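Down below is the structure, laid out as structure tokens.
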There are 2 protein chains.
Amino acid sequence: MSNTTSSETIPASPTSTGDHEREPAADRAYRHVKTGLLDGSYPDGHLLSEGEIAQTLRMSRTPVREAFLRLQSEGFLRLYPKRGALVVPITPAEAHSLMEARLTLESFAIDKLAALGRQRLAAIGRELLEHPACHPGELSDAETHEADRAFHARLVAAADNPVVTDLYSALRDRQLRITATARTHESSRRAAVTEQHNGLATALRDGDAALAKHRLREHLAHTMRAIGISEHLPHLDT
Amino acid sequence: MSNTTSSETIPASPTSTGDHEREPAADRAYRHVKTGLLDGSYPDGHLLSEGEIAQTLRMSRTPVREAFLRLQSEGFLRLYPKRGALVVPITPAEAHSLMEARLTLESFAIDKLAALGRQRLAAIGRELLEHPACHPGELSDAETHEADRAFHARLVAAADNPVVTDLYSALRDRQLRITATARTHESSRRAAVTEQHNGLATALRDGDAALAKHRLREHLAHTMRAIGISEHLPHLDT
DNA sequence: TGTATCTAAGATGCATACAAGTTTGGAGGT
DNA sequence: ACCTCCAAACTTGTATGCATCTTAGATACA
């Protein structure tokens, strides 16, 4: 048996190039269900079945099953053997936990950048000040959200820790579902959020890690208030 | 169509009761591959195929595929379309990232407990002082490792944030693979590790969060040194 | 009415078959 | 010796069928 095919030539592209030339069925299923989850088509506690989705998308259950597994690992679904896929109910407690986790990881990024040197903080601060999320403009709701996501993702990525970056992006997806569910009129918050982003980026540019973390915490607390959950967040520095 | 079966009776047990009465094939496949990954049977860069594993375990590719998907989501494998499953190579950089992430999450736990009140810190400190990981004893390597894992997991769980607890447990599994790969004679470290656990628990019991975080950082740095990676970890408090 | 039981419907778990992409190695020309 | 091309042997992607488990609801009975 020729099983031990070790140390081959390194495969080229793990992530698809983004081209959607005949997208795999599993990916379509994944996107379809996730979209439904995010826009509220599948409410909390809803029980999905593989066959149901498969029929809708005109494909077999196999790729749908794969999509379900992915969504379970991301915390969106909970699979019950022989029963179905439960849309994980969003409790205020979970939303709170998510926010705490975000605060933790973003604070880590700031701390690490600070440990790497004030100039690193300043560099990312300057970069973020140029970011769309720091400038009011006529953006659609979706664009605004995407800008916000990119802003925070950029900060975390700057810490140059791929493990943390991955964890963080998974959290953001979950939070997206929460904010989408608790439909708050984004537009009214928008000005405040832009201002907060500016404040955070400015603190970074000035090399003030403590202030940056403080403003980050305020920013997240503001979001929590907007979606109506207890805005208390622990202080992460002694 | 009777699709909208919302708000059903809440399903009972998501996690199997632990009984292994005819364990599902997918679980067997998962355990088999993960074991092979952890004990080094599948070295870095090895290319696994579904069929290979399926043949070994005398089952079809379907459950093996499911196991591969799970392992990919946990960061052990990287699936290449039509090519195979690559055993993710462990680079020193990744080991470092993992440790930073662990430090971040465990430090969060300490901070949150401190924010919840000194007595909460003390309570978990007292509990951890009783833990096997704090007492030298005649334990096998596996038992020692399990105790260590449980010790840290308990600390994180005490912060009462399920999201963080989940993230942390995933990280621990990945670290297990690293320490298993870089076979260091655990036994020689054991006394020192036990001492470090004691020191950490004692600091917690005394309500000294800053000292606890310091000792945690030292503890993790010690581990990093033992497996031969750069032991530099950022200070997470300003 | 209330309750135990049985049955049918619907769900997943897994095996199997086939389609399609990728790699590899050699035949054949230069 | 060195390309070029092609075919066979891999791989995964997906569809389909059947076994099994779960559960809701009808039915029979007290």
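These numbers come from a predicted model, not from an experiment. The sequence lines fix the lettering, A, B, ..., with proteins before strands; numbering per chain opens at 1.
Taking atom CD of A:Glu23 as the reference point, atom P of D:dT12 lies 21 Å away to the nearest angstrom. As a whole-Å value, the separation of A:Glu66 CD from D:dT12 C1' is 10 Å. The distance between atom CD of A:Glu50 and atom P of D:dT16, rounded to the nearest whole Å, is 15 Å. As a whole-Å value, the separation of B:Leu57 CG from C:dA15 P is 10 Å. Rounded to a whole Å, the CD atom of B:Gln72 is 13 Å from the C1' atom of D:dT12. Atom-to-atom, CZ of A:Arg70 to P of D:dG13 comes out at 10 Å; the value is rounded to the nearest Å. The separation between B:Leu47 atom CG and D:dT11 atom P is 9 Å, rounded to whole Å. For the pair A:Met59 CE and C:dA19 P, the computed distance is 19 Å after rounding to whole Å.
Distances shorter than 4.0 Å separate some side-chain N or O of B:Arg22 from OP1 or OP2 on D:dC21. For A:Arg61 and D:dA15, the shortest distance from a side-chain N or O to OP1 or OP2 is not below 4.0 Å. Contact check, A:Arg65 against C:dG13: a side-chain N or O comes under 4.0 Å of OP1 or OP2. A sub-4.0 Å separation between OP1 or OP2 of D:dC21 and a side-chain N or O of A:Arg83 is absent. Side-chain nitrogen and oxygen atoms of A:Thr62 include none within less than 4.0 Å of the OP1 or OP2 phosphate oxygen of D:dT14. Residue B:Ser49 places at least one side-chain N or O under 4.0 Å from the OP1 or OP2 atom of D:dT11.
Salt-bridge annotation for B:Glu23 and B:Arg28: absent, with no side-chain N of the basic residue lying under 4.0 Å from a carboxylate O of the acidic one.
A pairwise comparison of heavy atoms in A:Val88 and A:Leu77 identifies CG2-C, 3.6 Å as the closest pair.
Toward the 5' end of DNA chain C, the nearer of the two residues B:Ser60 and A:Lys82, judged by each one's closest nucleotide, is A:Lys82. Residues A:Arg58 and B:Ala85 each lie close to DNA chain D; by heavy-atom proximity, the contact nearer the 5' end of the strand is made by B:Ala85.
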Going through the checks in order, is the side-chain contact (heavy atoms from CB on, under 4.5 Å) test met by A:Glu106 and A:Val156?
-> CA-CA 6 Å; A:Glu106 293 196 52; A:Val156 173; 3.8 Å; yes

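Side-chain contact, B:Glu127 with B:His131: no donor N or O sits under 3.5 Å from an acceptor N or O.
Ring pair B:His219/B:His197: centre-to-centre distance below 6.0 Å.
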